[in-house]
Amino acid sequence: MKSKIKFGTAVNVSGLQDPKYKEVLSKEFNIITPENEMKYGSLCYTKDNYDFTKADEIVAFAQANKMAIRGHALVWHNQLPKWLTEGNYNRQELISILQNHIKTVVEHYKGKVSAWDVVNEAIEDDGSLRDTFWLRGIGEKYIDLAFRYAHEADPDVKLFYNDYGGEGIHTKSNAIYDLIKKLLKNKTPIHGIGLQMHLSLDGRPLKPEHLAENIKRYEELGLDVHITEMDVRIKEPTEEKLVQQANIYRDIMNVALGSNCKAFVMWGFTDKYSWIPKWFKDYGSACIFDEKYKPKPAYYALKECLK
Ligand code: G3I
């Protein structure tokens, strides 16, 4: 399924040992995001000792299959190395650590990664700044600094702010929008917004018209928009629920295709390696292929949209 909009998935490095995983991945997608291997704790488990082996493996696979790569994620509050979170660093030291991390990683992947999620999930559901390791240590300035350091390291790579639950029009998405506008006003080098899109069959549905309105306001700011981590989790899947799931994937893809959205990336393509069952009790079946790589109605719905 290849199309003008980049169509992709997160890649789980264990999957690359699985021939069927590699076959489907290379056949169906033209953009990938390493699911965990480019995070701070994965790359720099021991202080001053970067190990790019696993991330490089994913990058090599993508390059061999002519896929674009989204780098994920330079600054996040999760999956940080212990030496950092348990260390005792003052503000100036933390700024140096942040700068060094971003420089090391972005320079390593210069010319290979086409977009970076520079800051991930900095806003809470109530619209306030998330109380994180970085906010506590550096203050709000960490967001601006992160983008500046990434731009210094690779002036050609597109830099994104990425978040979940900010897809429609509501308190959180308005707060994200305000943050982005503030960064732009401050001449922070930011080029795009990532809408993660972790959805569920239960709960409040995302209205496609709200998504379209949200995408439009970012395009009016001159930013690229990517859907970065889509999945639709289901409790006790039935055929009927899989059809409802397909409808959600279709609706989101149609909004993306009707806008200037440049990438539609899912957080995994097969339930075999999906993060959902480990994180949401009783939920699963969130991807477009099942554990045995059998395409679900959602796969055919997307295929139809991308024709
Ligand atoms: O690598 C260790 C392994 O050595 C250890 O034996 C094993 C024991 O549990 O854990 C492994 O680490 C796990 C890691 O995934 C790699 O599999 C962590 O425990 C687990 O917490 C981690 O979960 C990841 C999660 O981010 C962490 O917050 C998920 O796979 C990953 O899908 C998820 O991705 C995030 C995006 O980065 C940002 N947006 C939300 C999305 C879903 O939470």
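Numbering of ligands and ligand atoms starts at 1, following listing order. In what follows, residues are counted from 1 in the order of the sequence shown.
Between the side chains of Q196 and D163, no donor-acceptor pair is found at a separation under 3.5 Å.
Less than 6.0 angstrom separates the ring centroid of H226 from the ring centroid of F160.
The contact shell of ligand 1, taken as protein residues with any non-hydrogen atom closer than 4.0 angstrom, comprises E35, N36, K39, H72, W76, N78, Q79, N120, E121, Q196, H198, E229, W267, W275, W279.
Of the possible donor and acceptor atoms, none in the side chain of E28 sits under 3.5 Å from a partner among the backbone N and O of L25. The closest donor-acceptor contact from the side chain of T104 to the backbone of N100 lies under 3.5 Å.
With a 6.0 Å cutoff to the six-membered ring centre and a 45° limit on the axis angle, K20 does not count as a cation-pi contact of F289.
Within a 6.0 Å radius of NZ in K47, other residues, nucleotides and ligands contribute more than 12 heavy atoms.
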